[in-house]
Amino acid sequence: MNYKENKLKINNSLTGEKEVFNSILDGFVGLYVCGPTVYSDVHLGNCRTFISFDVIYRYLLHLGYKVRYVRNITDAGHLENDAEEGEDKIAKKARLEQLEPMEIVQRYTLDFHKVLDQFNNLPPNIEPTATGHIIEQIEMIMDIIENGFAYEANGSVYFDVEKYNESNNYGELSKRKIEDLVAGTRTLDGQEEKRSPLDFALWKNAKPEHIMKWPSPWGLGFPGWHLECSAMSTKYLGESFDIHGGGMDLKFPHHECEIAQGTAANGSKPVNYWMHANMLTLNGKKMSKSTGNTLLPEELFSGDNEVLGRAYHPIVVRFFMMQAHYASVLDFSAEALNSSEKGFLRLMEAMKILEEIKTSKKSSFDVEGLIMKFYNAMNDDFNTPILVAHLFDAAKYIQAVNLGKETISESDKKDLTFAMNEFVFDVLGLTLPSEEKGNNESLETVMELVLQMRQKARENKDWTTADAIRDKLNEAKIVVKDDKDGATWKVQ
RNA sequence: GGUCCUGUGGCCGAGUGGCUUAGGCAAUGGUCUGCAAAACCAUCUACAGCAGUUCGAAUCUGCUCGGGACCUCCA
């Protein structure tokens with residue numbers, strides 16, 4: 001399927017409209033997603049955003065685009081809170097634990113990669129770090145100063161929001177008015193350096209006790225909170241690129257500031273399509289490191305948590321997320337996860353049966369129309385829940401063919417198999433649940449023997465023995481199913 | 001306080017002017033089976049409240065009530 005034949009529509013946060021997607025360079029897409037701050041374990045809410053954009057990346061690839069997917073690692077430069085003005089998050093943690101800052105960064109970066117790999121996320125093409133792009137950030141600040149949109153004060157550099165707003169619209173993304181923002185500003189330390197409370201730091205002067213700092217034209221310091229994404233997206237995707245994504249909570253001020261920085265430095269709008277993934281909630285509230293309302297992936301996979309009480313496979317969690325649209329809030333609960341797990345297994349069962357079903361001369365079902373529905377769903381702003389609904393329609397049809405109630409032609413079977421594999425495995429990024437325990441040769445031999453014995457018992461109508469064997473196997477996580485041709489088994 | 005989003009059946013979750021029986025899970029009845037399991041068939045519960053616009057609204061508008069996000073690091 002070629003991207004040209006598809007009218008992919010994207011809900012653009014910048015305009016608030018669902019727009020037909022046109023890339024700047026035909027056939028190529030530049031995609032930037034704000035990555036994690038690697039100073040603590042990535043939690044499940046963080047994962048949702050990255051999984052959402054993984055599907056978006058995968059679908060763009062499926063449509064035939066050549067995508068450059070850039071996702072940063074924030075390993076420096078974020079303020080802790082107003083009480084500890086100017087202190088770098090990573091530096092703070094380092095002092096507490098008596099580790100080198102880069103030791104912390106390394107540890108949580110590895111953890112981040114491991115978790116996303118468990119969710120079967122594809123790696124981005126470039127994963128730049130903030131500390132690796134200090135020079136680019138300094139250069140960008142110099143451009144902004146030169147263009148008159150920033151000023152220096154005591155070794156720090158601030159973005160002049162009001163100046164910028166004279167010729168541009170600060171607040172266009174988050175739909176805020178500059179007057180309202182001024183009214184709602186809190187008093188922060190270091191504000192006396194700023195011309196306006198709305199101004200944000202591009203470069204912060206580092207105090208002597210500060211660990212992570214770099215030389216700059218304004219003295220020793222560290223880059224501001226929003227600058228790294230602007231510098232790195234510009235470097236790898238250009239001054240204007242196609243899609244910028246991130247979590248909804250980054251819309252303001254982070255992304256608003258990125259637009260301002262990019263425009264101030266380069267004179268052009270940095271991004272055509274802004275996309276925002278919504279929050280994953282727990283107990284109805286946003287998951288958040290600072291409030292402690294979180295669930296770690298490891299706790300979920302191991303079952304070692306109070307929220308759910310049992311373990312879930314990462315792919316089941318991924319499927320659960322696919323059943324909601326990326327732009328909607330999704331609440332996490334054991335009940336919802338259980339129902340997803342059952343549905344997921346049913347879908348996977350249909351995937352396996354599809355390979356084996358018999359074909360007929362004609363199909364009794366509009367297979368081509370069904371496949372078109374897969375595309376229509378994804379073309380409509382990556383509507384994965386609708387896609388999943390159609391995949392279940394396909395599963396129902398596959399089961400019906402298997403029972404002889406419906407028919408499928410050879411060529412339709414080929415098309416459906418191809419499409420199902422593409423959408424289930426390549427686009428949604430699902431995988432068949434692992435069955436490695438069942439692929440053991442000696443176990444196969446033993447099971448063959450056991451089932452033969454059970455079959456004899458059944459032929460003798462010795463139901464007690466037959467059922468006892470089945471129950472015992474069940475306890476050992478081996479499920480036996482009887483059908484017309486005998487019994488099948490699988491490891492749970 | 002300001003800005004914005006949201007309220008769908010037992011649960012999750014799409015849809016957005018007229019027929020979507022959305023879909024998944026659960027429940028009930030049935031087919032199949034020695035019994036199960038699986039699968040299939042059928043049934044069931046709905047659009048927060050009030051008012052308005054309209055031939056027609058769950059879908060648009062207003063108000064009320066509830067929930068959430070952002071305004072401070074946050075996916």
Side-chain angles (χ1 to χ4, degrees), chain A residues 16 33-37 39-40 42-53 74 77-84 87-89 171 174-177 179-186 188 198 225 245-254 256 276-281 284-291 319-320 323-325 327-347 349-350 353 377 380 383-393 395-396 398-400 402-403 405 458 461-463 466-467 470-471 474 479-484 487-488:
Chain A
V33 173
C34 289
T37 307
Y39 69 96
S40 68
V42 62
H43 64 69
L44 214 56
N46 304 123
C47 294
R48 185 189 182 199
T49 297
F50 301 125
I51 291 170
S52 294
F53 284 102
T74 296
H78 282 236
L79 288 176
E80 178 71 8
N81 58 44
D82 42 348
E84 291 164 278
E87 183 154 28
D88 194 296
K89 258 186 184 172
S174 53
K175 313 284 180 278
R176 281 159 210 252
K177 292 194 180 102
E179 311 86 70
D180 297 335
L181 288 169
V182 173
T185 317
R186 291 167 52 183
L188 298 169
L198 292 185
W225 330 319
M248 202 75 109
D249 49 353
L250 295 182
K251 202 171 186 180
F252 188 88
H254 186 61
E256 198 71 68
H276 288 96
N278 218 322
M279 300 293 103
L280 182 68
T281 60
K285 303 263 189 214
K286 173 190 172 187
M287 275 196 205
S288 165
K289 284 169 192 167
S290 48
T291 61
F319 180 71
F320 164 74
Q323 285 185 294
H325 190 249
S328 300
V329 175
L330 176 63
D331 194 60
F332 203 81
S333 69
E335 208 177 358
L337 207 49
N338 280 336
S339 70
S340 284
E341 183 178 62
K342 288 186 186 172
F344 172 72
L345 292 173
R346 198 158 83 80
L347 184 62
E349 193 63 28
I353 289 173
D380 187 12
N383 199 324
T384 57
I386 295 288
L387 170 62
V388 170
H390 292 313
L391 291 172
F392 275 112
D393 287 342
K396 192 171 274 192
I398 291 163
Q399 290 284 5
N402 196 38
L403 288 174
K405 288 181 179 174
R458 294 181 74 206
K461 298 207 191 293
D462 180 2
W463 307 127
D467 289 352
R470 188 174 59 195
D471 293 345
N474 256 329
V479 181
V480 176
K481 287 194 237 175
D482 296 323
D483 51 42
K484 285 173 196 112
T488 59

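Side-chain atoms are counted along with the backbone in the values below, which use heavy atoms only and exclude waters and symmetry mates. Each chain gets a letter, A, B and so on, in the order its sequence line appears, and its residues count up from 1.
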Is [X] touching bases, backbone alone, or none of the nucleic acid, heavy atoms closer than 4.0 Å?
| X | result |
| --- | --- |
| N402(A) | nothing |
| G284(A) | sugar-phosphate |
| N338(A) | nothing |
| G35(A) | sugar-phosphate |
| A389(A) | base |
| A277(A) | nothing |
| S328(A) | sugar-phosphate |
| K405(A) | sugar-phosphate |
| K481(A) | base |
| L347(A) | nothing |
| V33(A) | nothing |
| S340(A) | nothing |
| H325(A) | sugar-phosphate |
| K286(A) | base |

Distance test, side-chain N/O of [X] to OP1/OP2 of [N], below 4.0 Å:
| X | N | result |
| --- | --- | --- |
| S333(A) | rC11(B) | no |
| K289(A) | rA75(B) | yes |
| K177(A) | rU3(B) | no |
| R458(A) | rC35(B) | no |

Counting side-chain heavy atoms from CB outward, which of [options] is closest to [X]?
| X | options | result |
| --- | --- | --- |
| D393(A) | rG23(B), rA75(B), rC35(B) | rG23(B) |
| F392(A) | rG34(B), rG23(B), rC74(B) | rG23(B) |
| Q323(A) | rC11(B), rC73(B), rG24(B) | rG24(B) |
| D249(A) | rC74(B), rA39(B), rG34(B) | rC74(B) |
| T37(A) | rA26(B), rA75(B), rA14(B) | rA75(B) |
| R346(A) | rC35(B), rA39(B), rG68(B) | rA39(B) |
| L181(A) | rA75(B), rC71(B), rC12(B) | rC71(B) |
| A336(A) | rC40(B), rG13(B), rC12(B) | rC12(B) |
| R176(A) | rG13(B), rA75(B), rC70(B) | rC70(B) |
| R470(A) | rG34(B), rC25(B), rC12(B) | rG34(B) |

What interatomic distance, in whole Å, is found between [atom1] of [M] and the corresponding atom of [N]?
| N | M | atom1 | answer |
| --- | --- | --- | --- |
| rG17(B) | rU59(B) | C1' | 6 Å |
| rC60(B) | rC5(B) | P | 12 Å |
| rU53(B) | rC40(B) | C1' | 47 Å |
| rU43(B) | rU64(B) | P | 43 Å |
| rC11(B) | rU45(B) | P | 14 Å |
| rG62(B) | rG24(B) | P | 36 Å |
| rG56(B) | rC19(B) | P | 15 Å |
| rC47(B) | rU16(B) | C1' | 11 Å |

Nearest whole Å is fine: how far is [N] [atom2] from [X] [atom1]?
| X | N | atom1 | atom2 | result |
| --- | --- | --- | --- | --- |
| I386(A) | rA22(B) | CD1 | C1' | 6 Å |
| L391(A) | rG24(B) | CG | C1' | 12 Å |
| D331(A) | rG68(B) | CG | P | 11 Å |
| F332(A) | rG13(B) | CZ | P | 12 Å |
| E256(A) | rC4(B) | CD | P | 13 Å |
| K175(A) | rC71(B) | NZ | P | 17 Å |
| N278(A) | rA14(B) | CG | C1' | 15 Å |
| N46(A) | rC73(B) | CG | C1' | 12 Å |

Given RNA chain B, 5'-ward residue of the pair F50(A) and S339(A), judged by closest heavy atom: S339(A)

On RNA chain B, does the nearest nucleotide to L403(A) precede the nearest nucleotide to G247(A) from the 5' side, or the other way round? Give the residue. L403(A)

Once side chain to side chain donor-acceptor pair (under 3.5 Å) is applied, do any residues pair with N338(A), and if so which ones, sequence neighbours excluded? R310(A), Y312(A)

When both hydrogen-bonding distances must be under 3.5 Å and the geometry is Watson-Crick or G-U wobble, what is [N] paired with, if anything?
| N | result |
| --- | --- |
| rG34(B) | none |
| rU53(B) | none |
| rU59(B) | none |
| rU28(B) | rA42(B) |
| rC65(B) | rG7(B) |

Between D180(A) and K177(A), is there a side-chain N and carboxylate O pair less than 4.0 Å apart? no

Looking only at heavy atoms, the pair that brings Y39(A) and K289(A) closest together is OH-CD, 3.7 Å

How close do A336(A) and F320(A) get, heavy atom to heavy atom, and via which atoms? CB-CE1, 3.6 Å

Does the side chain of N278(A) pick up a donor-acceptor pair with the side chain of S328(A) at under 3.5 Å? no

Pairing donors with acceptors under 3.5 angstrom, does anything connect the side chains of Q323(A) and T384(A)? no

Ignoring hydrogens and angles, does a donor from either the side chain of D467(A) or the base of rG34(B) sit under 3.5 Å from an acceptor on the other? yes

Indicate yes or no: at least one non-hydrogen side-chain atom of [X] is less than 4.5 angstrom from one of [Y].
| X | Y | result |
| --- | --- | --- |
| I386(A) | D380(A) | no |
| N383(A) | P385(A) | yes |
| S52(A) | R48(A) | yes |

Does K175(A) make a cation-pi contact with F252(A) (under 6.0 Å, within 45 degrees of the axis)? no

